[in-house]
Amino acid sequence: MAARQYVQTGEVCDYVLEALGTKEIVVKAKNESELVCGAFPLKEHDGSVRAVIGMLIPQKEIDFDLRGYMRGLEPLIRMGYDAYIQHATSQIVTDLTLHDTARDLLTSLTRQISSIISKGYCSAVKLSEEGVLIPQDCVTTQEAEQGQAHIAQLVMRMGNKPVTPMALDNHRVIVVPVSLNAVPLYALFLHLPPEEQDCFYDIRDVAFLQEIAEKASCALWRAIMSDDLRREASKKDLLYQLMSKIQASIDVNDVLHEIVTSIPSLYPYFSVELFLTVEPNATTPVKQLSFQEVEPSTSTKAYLEGRLIAEEVGEGEQRATVIAAPLLGKQGIYGVLQVTSEQPISLSQHEKDYISILADTAGTAFENAQLYQQSRNLIRELRLINEMARQLNKSLDLKEILDFVTEMMQATFDAEFCAILRKQPGEDKFDILSSSLSDFNGTVVNALEKPFQQIMQSKQTLLLAQPGAGPLPFSLYSCCSLMGVPLVVEGEISGVLLVADSRYHFFSFDDYKLLEIFGQHASLAMTNAVLHNEMERMVITDNLTGLFTRRYLNEQVRASLAKDSYGSLILIDIDFFKTVNDTFGHQVGDEVLIQVANLIRRSIRDSDIAARWGGEELAVYLPSVDKATARAVAERIRECVEQETSPRVTISCGLAKWNREMDVNLSVEALFHQADIALYEAKNSGRNQVVLA
């Protein structure tokens with residue numbers, strides 16, 4: 001029996017105390033009872049005494065050396081104890097497989113460990129992904145109210161640092177983290193309460209706890225995974241119920257009540273609060289979101305930043321974790337869902353994302369209710385938008401689109417002046433592309449004037465009125481009421497829709513919102529028209545040289561053969577172009593191609609067609625140009641290339657001409673074939689020359 005047990009029962013003999021003090025075997029005879037007393041201290045590797053084994057034997061039955069006999073028992077006792085621990089460990093691990101929840105498993109585990117250690121308490125505290133203690137998720141063998149147990153004090157002491165194996169308070173507290181594949185799961189604690197002053201945990205207790213932690217990790221991980229799967233299923237069921245409520249009705253109260261009551265069931269250590277910017281017709285308790293605080297609260301920060309905020313508040317034992325998520329709809333933020341833990345807690349990103357989803361669901365519920373209430377007011381606007389979109393989709397011609405939008409604004413708002421202005425790139429100026437008063441078309445105005453400046457800074461629709469104080473300070477048009485909406489393309493203001501009238505308060509807030517919609521559709525339609533024009537240009541233009549493509553050249557030559565009386569074609573090849581690439585690199589080769597293309601463009605008329613035929617071969621078609629003129633053009637191009645390129649290159653030219661009277665059935669392919677033969681002859685006969693087919 002352990003020495004501590006003798007002290008508690010009052011049955012300690014002198015020889016036991018002597019063995020405990022000297023750490024040596026003690027043998028004494030008790031004359032009055034004719035007994036021989038022996039006490040053997042069981043020592044650990046560090047010299048500490050784990051227990052004292054006592055023997056009482058009648059003297060007449062001893063015919064051997066009791067001291068030597070007891071010394072011989074030491075290895076047998078140690079072997080027996082080790083076998084017992086191994087058996088107990090195996091039994092504990094086997095029992096763990098019977099539990100399918102982490103709490104049941106840990107309750108069984110801590111009780112069995114505590115039973116074997118036979119002193120103090122055993123507790124298990126969940127670890128976060130970073131290995132930090134989560135005090136709200138705790139199992140302990142001490143029977144005490146939540147927050148009053150000894151383990152709560154220990155967790156508070158350890159703070160927010162990752163847990164490592166450790167012994168505290170002179171081995172009165174032992175901590176061993178349990179992990180699997182480097183993933184923290186729980187921390188196992190052996191801890192002695194303050195009233196047990198004469199005890200500590202020895203090396204065998206630590207080894208036992210470490211072995212249990214290692215062997216129980218797989219079973220614990222499986223139980224945690226099962227808990228997570230059940231929790232995920234509960235979350236999905238909750239989300240399904242919420243979405244069903246939203247789709248089935250517009251009752252905000254139902255959704256709010258579901259959220260407020262569901263979070264504690266999933267997170268029992270959280271309290272829930274709702275902060276709203278408006279007071280809804282709801283029976284669920286809510287609070288008004290305040291913006292008058294000197295130091296913004298967590299909920300205010302979440303609202304202002306439009307994202308989930310998680311932070312610790314308070315100090316010392318009053319520290320708490322607060323998580324606030326905005327009630328976010330597609331059109332705005334309607335409030336904040338806030339959950340609070342009375343103690344610091346580390347929540348995974350996955351759990352934070354789920355709270356954000358709940359908050360977004362509540363925001364969607366608010367938005368649906370408001371949209372339903374406003375739906376009748378939008379009928380006129382929707383019809384107008386539909387007509388506008390239908391008309392805009394009919395055309396990709398920019399002028400037609402500008403004229404149509406101007407007419408629509410004039411008809412919708414019945415204002416005296418409507419205009420579409422374009423921002424000049426890199427300039428603080430706007431020019432009028434289209435207006436209801438044609439005299440204003442082409443007018444340039446200063447972008448730094450107050451109305452334009454406000455639109456540029458805010459990138460939002462502007463509504464101005466000048467009640468009884470004369471016209472607005474606006475040079476373009478004298479007015480007392482004005483609305484302007486920016487036309488935004490890829491985040492930058494490319495223009496402005498402007499509506500003005502000389503009457504005071506002529507435009508309503510609905511007009512203001514409607515003009516915003518005009519701006520969105522006009523921006524899209526104008527962007528599509530510009531992109532269409534750019535796409536057409538790109539289809540017929542070579543990216544590198546800026547010349548036309550071979551396909552476009554073929555089409556133009558074919559059209560010329562059908563309508564013109566004669567024409568000429570020049571095929572051009574850069575001499576020794578491969579040598580240029582090999583000597584200077586392909587980048588310089590591309591620059592040479594660009595130089596030659598620019599010289600060709602400079603040497604021909606606007607009506608002539610220069611194209612990249614392929615690789616370093618270029619072509620120029622001269623409609624209604626005879627061979628003599630064509631040869632002069634080819635020579636001019638050849639001389640310019642020879643004199644002005646860097647690095648210097650030369651070109652060879654093959655010239656082919658056609659005449660309707662002589663070439664009745666000439667095809668595009670035949671004309672190019674003639675020019676190609678002439679080009680081949682020019683290259684074979686010395687290069688840097690023009691040869692006529």
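- Evaluation of the side-chain contact (heavy atoms from CB on, under 4.5 Å) rule for Asp228 yields Ile224, Met225 as partners, not counting sequence neighbours.
- Note that OG of Ser118 is 12.5 Å distant from CD1 of Ile113, once rounded to the nearest 0.5 Å.
- Within the 4.5 Å cutoff, no side-chain heavy atoms of Ser123 are placed close to those of Gln142.
- Between Asn160 and Glu130, the side chains place no donor N or O within less than 3.5 Å of an acceptor N or O (distance only, hydrogens not considered).
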Is there a side-chain contact (heavy atoms from CB on, under 4.5 Å) between Leu192 and Val173? Walk through the geometry before answering. CA-CA 6 Å; Leu192 293 163; Val173 177; over 6 Å; no
Run the numbers on Asp95 and Gln112 for side-chain contact (heavy atoms from CB on, under 4.5 Å), then give the verdict. CA-CA 10 Å; Asp95 291 344; Gln112 293 187 72; 3.3 Å; yes
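- In terms of the salt bridge (Lys or Arg N to Asp or Glu O under 4.0 Å) criterion, residue partners of Glu305 (sequence neighbours excluded) are, by chain and number, Arg307.
- Scanning for side-chain contact (heavy atoms from CB on, under 4.5 Å) contacts around Ala359 gives Ala325, Leu327, Leu337, with sequence neighbours left out.
- Looking at Thr97, its side chain does come within 3.5 Å of a backbone N or O of Thr94 through a donor-acceptor pair.
- Tyr201 has its side chain out of reach of Leu209: every pair of non-hydrogen atoms, C-beta onward, lies at least 4.5 Å apart.
- Separation of atoms CD (Glu129) and CD1 (Ile134) is listed at 9.0 Å; rounding is to 0.5 Å.
- Not one N or O on the side chain of Ser114 forms a donor-acceptor pair closer than 3.5 Å with the backbone of Thr110.
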Take Lys126 and Cys138, measure what side-chain contact (heavy atoms from CB on, under 4.5 Å) needs, and give me the verdict at the end. CA-CA 6 Å; Lys126 189 174 178 61; Cys138 172; over 6 Å; no
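- We find the CG-CD1 distance between Leu308 and Ile357 to be 11.5 Å, quoted to the nearest 0.5 Å.
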Take Thr101 and Asp104 through the test side chain to side chain donor-acceptor pair (under 3.5 Å) and record every step on the way to the result. CA-CA 5 Å; Thr101 70; Asp104 289 347; 3.1 Å; yes
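- Of all non-hydrogen atoms in Ser299 and Phe275, the two that sit nearest each other are CB-CD1, 4.0 Å.
- Sparse packing is recorded around CZ of Arg111, with 12 or fewer heavy atoms of other residues, nucleotides or ligands lying under 6.0 Å away.
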Trace of the side-chain contact (heavy atoms from CB on, under 4.5 Å) decision for Leu127 with Leu133: CA-CA 5 Å; Leu127 296 175; Leu133 294 171; 3.6 Å; yes
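- Shown here for Ala302 and Ala324, the closest heavy-atom pair between the two residues is CB-O, 3.5 Å.
- Scanning both residues, Gly306 and Pro326, for their nearest heavy atoms gives C-CG, 3.7 Å.
- Side chain of Ser271 to backbone of Thr340: a donor-acceptor contact under 3.5 angstrom is found.
- Closest heavy-atom contact between Pro184 and Ser128: CB-O, 3.6 Å.
- The shortest side-chain heavy-atom distance between Leu109 and Leu188 falls under the 4.5 Å cut-off.
- Residues Ser356 and Asp353 have side chains that never bring a donor and an acceptor to within less than 3.5 angstrom of each other.
- The structure places CD of Glu214 at 10.5 Å from CG of Leu180, a figure rounded to the nearest 0.5 Å.
- Other residues, nucleotides and ligands place more than 12 heavy atoms under 6.0 Å from the CD atom of Gln349.
- In this structure, the separation between CG on Leu168 and CG on Leu154 is 8.0 Å, given to the nearest 0.5 Å.
- Residues Val163 and Val132 fail the side-chain proximity criterion, which asks for heavy atoms closer than 4.5 Å.
- Listed by first and then second residue, the ring-ring contact (aromatic ring centres under 6.0 Å, His included) pairs involving residues 171-198 are Tyr121-His191, His150-His191 (not counting sequence neighbours).
- At least one side-chain heavy atom of Ile117 sits less than 4.5 Å from a side-chain heavy atom of Leu190.
- Of all heavy-atom pairs spanning Leu105 and Ala219, the tightest one is CD1-O, 3.6 Å.
- With sequence neighbours excluded, the residues forming a side-chain contact (heavy atoms from CB on, under 4.5 Å) with Glu311 are Thr298, Lys301, Ile309, Val313, listed by chain and number.
- Between Leu96 atom CG and Leu220 atom CG the span is 8.5 Å, to the nearest 0.5 Å.
- Counting heavy atoms from C-beta outward, Pro41 and Ile25 have side chains that approach closer than 4.5 Å.
- At least one donor-acceptor pair under 3.5 Å links the side chain of Asp202 to the backbone N or O of Arg204.
- Annotation: side chain of Ser341 is in contact with side chain of Phe270 (closest heavy-atom distance under 4.5 Å).
- Of all heavy-atom pairs spanning Val178 and Ala213, the tightest one is CG1-O, 3.5 Å.
- By the 4.5 Å heavy-atom criterion applied to side chains, Pro165 and Pro177 are counted as neighbours.
- With a 6.0 Å radius and a threshold of 12 heavy atoms from other residues, nucleotides or ligands, Glu143 has its CD atom at or below the threshold.
- Panel note: side chain Thr300, backbone Pro296; no donor-acceptor pair is recorded below 3.5 Å.
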Show your reasoning for whether salt bridge (Lys or Arg N to Asp or Glu O under 4.0 Å) applies to Asp227 and Arg103. CA-CA 9 Å; Asp227 288 347; Arg103 179 158 286 273; over 6 Å; no
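- Using a 4.0 Å cut-off between charged side-chain N and carboxylate O, Glu211 and Lys215 make a salt bridge.
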Checking salt bridge (Lys or Arg N to Asp or Glu O under 4.0 Å) for the pair Asp205/Lys119: CA distance, chi angles, key distance, verdict? CA-CA 10 Å; Asp205 297 328; Lys119 51 188 171 185; 3.2 Å; yes
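- In terms of modelled atom types and a separation under 3.5 Å, the side chain of Arg172 and the main chain of Pro193 share a donor-acceptor contact.
- Each side-chain hydrogen bond (donor to acceptor under 3.5 Å, both in side chains) pair with one or both residues in residues 161-170, not counting sequence neighbours, appears once here: Arg157-Asp169.
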